[in-house]
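Comments concern the structure below.
In listed order, ligands and their atoms are each counted from 1. Throughout, residue positions are numbered sequentially from 1 according to the sequence presented.
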Amino acid sequence: MELIFLGTSAGVPTRHRNMTSILLNLQQPTLSQMWLFDCGEGTQHQFLKTSHHPGKLDKIFITHLHGDHLFGLPGLLCSRSMQGNPSPLTIFGPKGIKEFVEMALRLSGSWTDYPLTVKEISAGEVFDDGLFKVTAYPLNHPVECFGYRIEQHDKPGPLDAQRLLADGIKAGPLFQQLKKGQTVEMPDGRRVNGQDYLGPSTPGVKLAIFGDTAPCPAALAMAKEVDVMVHETTLEHEMAEKANSRGHSSSIQTAELARDANVGKLIITHVSSRYDWEGCQRLLAECRSVFEPCELAEDFSVFPLA
Ligand SMILES: [Zn+2]
Ligand SMILES: [Zn+2]
């Protein structure tokens, strides 16, 4: 799994930073899907500068309806249609996302030639497909805004086939059920619990991808002990009051949250266009003064997750 930042600027683009969009490449053995978090204007152009293709997108999560997180969506949806990829796509977002998508397609005489589902969410579990569980948390921003906690389920350990054979349990179709930790009845009437023959499970990856937010009560629970927390750092700490009054966080506030939530790594993004490269390094240094395992996302930064 890996995170690829397609846009890292707040509000408006700069020469080096497009507006917010984050690609999560799941790279699972059984599925090649990718998920997108927010879709600022120009996201489809950013895709062209990577080796990834919007046709592989399976789900899009929108944190909130501000334009710097949303205005790339109609173009991306239409281009995906023209690229001859029929795979279905689901969009999750706050109330209003359905109207926005339907209106943009209808008024521009556009359509998608793949099944498109738009689901308006509220706080709580968004879905659990057995591999991943995604939960939405309410944040503190002038419009309804969610952060997404993504939890990969732990992977069961390998089945100890040698020990099964030693106990007189022969390889066969029942092995598949035992592999999943299920209890099965053998032809001789014995009940065998797969859990007794599984090695230690591998912990799944846990991620917290925040939308725009001032510090808020839900943030701690959302980020609690994740491997990677992605959070906005719109302004430096000296401007914390201004940041908070507009529903944003300062560098130090973001780093304090990462420290308090005991996360593995903090990645900061959504930086104000007022900062040049040196300004961004200052934001990073402020964060690291509180929480050392912190990285600053640039456009096209790639962070491996597992
Ligand atoms: Zn924003
Ligand atoms: Zn916003």
Side-chain angles (χ1 to χ4, degrees), residues 3-24 35-46 60-76 91-97 99-101 104 120-123 136-148 208-219 222-223 229-237 239-251 253-254 257 266-276 279-280 283-284 287 296-301:
L3 275 176
I4 301 140
F5 285 77
L6 298 179
T8 57
S9 184
V12 296
T14 70
R15 282 187 177 196
H16 302 289
R17 294 180 181 272
N18 200 56
M19 284 157 309
T20 297
S21 187
I22 303 167
L23 188 60
L24 173 61
W35 296 353
L36 191 69
F37 292 83
D38 284 333
C39 190
E41 184 187 346
T43 296
Q44 62 167 322
H45 299 78
Q46 299 292 86
I60 298 178
F61 300 84
I62 299 294
T63 60
H64 64 302
L65 302 187
H66 276 160
D68 57 326
H69 298 250
L70 184 66
F71 286 168
L73 196 52
L76 183 112
I91 300 171
F92 301 94
K95 190 168 166 34
I97 184 69
E99 187 184 348
F100 174 81
V101 171
E120 296 190 336
I121 59 159
S122 41
Y137 287 77
L139 302 178
N140 179 2
H141 203 52
V143 299
E144 187 176 42
C145 183
F146 293 109
Y148 294 99
I209 299 183
F210 281 80
D212 292 1
T213 189
C216 67
M222 179 180 151
M229 165 178 149
V230 179
H231 198 286
E232 66 136 293
T233 300
T234 307
L235 293 171
E236 65 206 277
H237 195 59
M239 299 173 75
E241 212 169 301
K242 183 176 178 185
N244 295 166
S245 72
R246 295 177 181 186
H248 293 295
S249 298
S250 78
S251 51
Q253 289 169 334
T254 299
L257 172 62
L266 166 65
I267 302 174
I268 54 171
T269 182
H270 195 275
V271 295
S272 166
S273 59
R274 70 170 56 225
Y275 298 112
D276 57 9
C280 288
L283 292 177
L284 178 60
C287 287
L296 169 74
E298 305 284 352
D299 283 20
F300 308 112
S301 288

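Looking at Asp68, its side chain does come within 3.5 Å of a backbone N or O of Gly11 through a donor-acceptor pair. Between the side chain of Ser21 and the backbone N or O of Asp38 there is at least one donor-acceptor pair closer than 3.5 Å. Using modelled atom types, one side-chain atom of Thr213 and one backbone atom of Asn140 make a donor-acceptor pair closer than 3.5 Å.
Listed by chain and residue number, the protein N/O/S atoms under 2.8 Å of the Zn ion (ligand 1) are Asp68 OD2, His69 NE2, Asp212 OD2, His270 NE2, with waters left out.
For His69, the ring-ring contact (aromatic ring centres under 6.0 Å, His included) partners are His64, His270, not counting sequence neighbours.
Taking a 6.0 Å sphere around CD of Glu41, one finds it holds 12 or fewer heavy atoms contributed by other residues, nucleotides or ligands. Around atom CD of Glu99, no more than 12 heavy atoms belonging to other residues, nucleotides or ligands sit under 6.0 Å away.
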